[in-house]
Undergrad: 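Sharing a structure here in structure tokens format.
Note that this is a predicted model, so its numbers are computed, not measured. Lettering follows sequence order; numbering is per chain, from 1.
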Number of protein chains: 2
Amino acid sequence: MRLSKRGEYGLRAMIMMAEPAEKKGVHKMMQIKEIAEREEISPKFLEQIMLALKNAGLLHSKMGVGGGYYLARAAGEITLGQIFRVLDGPVAPVKCVSQMAYEPCGCPDEQTCGLRLVMGDVRNAIADILDHTSLKDVIKRQGAVRRRLGLSKK
Amino acid sequence: MRLSKRGEYGLRAMIMMAEPAEKKGVHKMMQIKEIAEREEISPKFLEQIMLALKNAGLLHSKMGVGGGYYLARAAGEITLGQIFRVLDGPVAPVKCVSQMAYEPCGCPDEQTCGLRLVMGDVRNAIADILDHTSLKDVIKRQGAVRRRLGLSKK
DNA sequence: CCTAAAGCATACTAATATTATAGGATTTAT
DNA sequence: ATAAATCCTATAATATTAGTATGCTTTAGG
């Protein structure tokens, strides 16, 4: 049940972009170089990830000097589930309970397969969280923790 | 977020063993050969899986002619979470929210990392399901579905 | 218009993990 | 003694992951 590095980096990048997007407007741009430095990850690897997010319609970009990426929609309108699926594929632990990529998984009787029933619950539990958590929610939550710890960013 | 074949086969085998265990007593034995045939999986692969479950204390075995495996405890006392962890490792999507295998995951500030907070929720949601679903629960649920569909096993 | 800075796109590689397969050792009922 | 079963470990084949490399395209600014 692991999140790939690809997914992790992509989610981190999107969360990082959401903060300025909320404060300074959605069109506030960020560059790969900057994000990669702050997260200490390979800029080239991140480039691929950002490109995938862009081609999936979650990011927009501007080419050329002074270019960069910005969120395609308000931070409240982009969920972690959307990002996750672009980078790591379906949320479901087994294909036979996947909404976005169903395939039979070879149990003798799928309808009454106990494992499938439970894994369906797991899928729903994960999807419930990821699909109902927007980038804005994450930012708010980070802020709440900071305040609670008295680290309130100055 | 995928369940490995190892995990899938192991969970299926344990669920399959739980039914006779409930009906005929925990010591009802089953052999690898039989399980592998019914699930249409490689007996040799299953052998490794069963051995792991045995070494983890979830199964007991009897060697030699007429031997086989049986549940180490009543079906109500073995959870899917226990089985899953033996075969697929920690439930957590990222190591920094793992209960059984914590490791820092390299965010600048772990305490206030938004991704970590959400992934913690995901971990808990998955663990809640798997740790509170016993083999007996699965059997009961399968039975309920069968009855509802009028397939009540005769 | 030239150049440098940025994204775009794809191919490739190295490392790791997964899914088995193989082969023998050990135990036990008959 | 034999055959049937588990035990145990090594190995192979394949797939996935994570990261590199290379060149192309677009654009701001001198």
Side-chain angles (χ1 to χ4, degrees), chain A residues 1-13 17 27-37 39-72 84 86-90 93-95 101 105-106, chain B residues 1-13 17 29-37 39-72 84 86-90 93-95 101 105-106:
Chain A
M1 296 292 197
R2 223 173 90 261
L3 177 66
S4 71
K5 284 297 175 188
R6 184 175 152 91
E8 182 187 328
Y9 296 162
L11 285 161
R12 280 194 201 290
M17 296 184 71
H27 295 288
K28 171 69 184 173
M29 261 188 299
M30 288 190 74
Q31 297 176 351
I32 285 176
K33 196 182 154 196
E34 180 184 355
I35 300 172
E37 265 169 23
E39 297 284 0
E40 296 179 43
I41 60 187
S42 152
K44 268 311 205 181
F45 190 25
L46 182 60
E47 194 179 333
Q48 288 178 15
I49 294 166
M50 299 297 270
L51 201 50
L53 292 168
K54 190 227 154 183
N55 288 331
L58 298 181
L59 288 177
H60 286 164
S61 66
K62 184 161 177 294
M63 289 178 84
V65 176
Y69 291 93
Y70 54 97
L71 299 187
F84 181 95
V86 168
L87 300 174
D88 272 24
V94 288
K95 283 174 286 183
C105 48
Chain B
M1 297 293 198
R2 223 171 91 262
L3 177 68
S4 71
K5 285 296 175 188
R6 183 174 153 92
E8 182 187 327
Y9 296 161
L11 284 162
R12 280 192 201 293
M17 296 185 71
M29 260 187 299
M30 288 190 74
Q31 298 175 351
I32 284 174
K33 196 182 154 195
E34 180 185 354
I35 300 172
E37 265 168 22
E39 297 283 1
E40 296 179 42
I41 61 187
S42 151
K44 269 308 208 180
F45 190 24
L46 182 60
E47 194 179 331
Q48 290 179 15
I49 295 166
M50 299 296 271
L51 200 51
L53 291 169
K54 189 225 155 186
N55 288 331
L58 299 180
L59 289 177
H60 286 163
S61 66
K62 185 162 175 292
M63 287 178 85
V65 176
Y69 290 93
Y70 54 96
L71 300 187
F84 181 96
V86 168
L87 300 174
D88 271 23
V94 288
K95 284 173 286 183
C105 50

Undergrad: Apply side-chain contact (heavy atoms from CB on, under 4.5 Å) to residues L58(A) and Y69(A) and explain how you reach the verdict.
TA: CA-CA 10 Å; L58(A) 298 181; Y69(A) 291 93; over 6 Å; no
Undergrad: Could you give the CD1-to-P distance, from I32(A) to dA9(C), as a whole number of Å?
TA: 12 Å
Undergrad: For K5(A), which contact category applies under a 4.0 Å heavy-atom criterion: base, sugar-phosphate, or nothing?
TA: sugar-phosphate
Undergrad: Got a donor-acceptor contact below 3.5 angstrom from the D88(A) side chain to the S4(A) backbone?
TA: yes
Undergrad: Check the distance between dT27(C)'s C1' and M29(B)'s CE and give it to me in whole angstrom.
TA: 13 Å
Undergrad: So which pairs with a foot in residues 47-60 of chain A pass salt bridge (Lys or Arg N to Asp or Glu O under 4.0 Å), sequence neighbours left out?
TA: K44(A)-E47(A)
Undergrad: Can you see if the side chain of Y9(B) gets near the phosphate of dT18(C) - specifically, an N or O under 4.0 Å from OP1 or OP2?
TA: no
Undergrad: At a heavy-atom distance below 4.0 Å, what parts of residues 46-62 of chain A sit against DNA chain C?
TA: E47(A), Q48(A), L51(A), K54(A), N55(A), S61(A), K62(A)
Undergrad: If you pin R2(B) and M63(B) to their nearest nucleotides in DNA chain D, which one's is more 5'?
TA: M63(B)
Undergrad: Could you check if a side-chain atom of M17(A) sits within less than 4.5 angstrom of a side-chain atom of L59(A), using non-hydrogen atoms only?
TA: yes
Undergrad: Between Q31(A) (CD) and dC8(C) (C1'), how many Å, whole number?
TA: 15 Å
Undergrad: On DNA chain D, which is the earliest and which the latest nucleotide, 5' to 3', with an atom closer than 4.0 Å to a heavy atom of chain B?
TA: dA3(D) to dA10(D)
Undergrad: Pair L46(A), E39(A) - check side-chain contact (heavy atoms from CB on, under 4.5 Å), show working.
TA: CA-CA 10 Å; L46(A) 182 60; E39(A) 297 284 0; over 6 Å; no
Undergrad: Please determine whether any donor N or O and acceptor N or O are separated by less than 3.5 Å between the side chain of K33(A) and the base of dG7(C).
TA: no
Undergrad: Considering residues, nucleotides and ligands other than R6(A), do more than 12 of their heavy atoms fall under 6.0 Å from its CZ?
TA: yes
Undergrad: Measure from CE on M30(A) to P on dG7(C) and round the result to the nearest Å.
TA: 11 Å
Undergrad: M29(B): what forms a side-chain contact (heavy atoms from CB on, under 4.5 Å) with it, not counting sequence neighbours?
TA: K62(B), Y70(B)
Undergrad: Which residues pass the salt bridge (Lys or Arg N to Asp or Glu O under 4.0 Å) test with K5(A), not counting sequence neighbours?
TA: E8(A)
Undergrad: Using the test ring pair (Phe, Tyr, Trp, His ring centres under 6.0 Å), find all partners of Y9(A) that sit at least two apart in sequence or belong to another chain.
TA: F45(A)
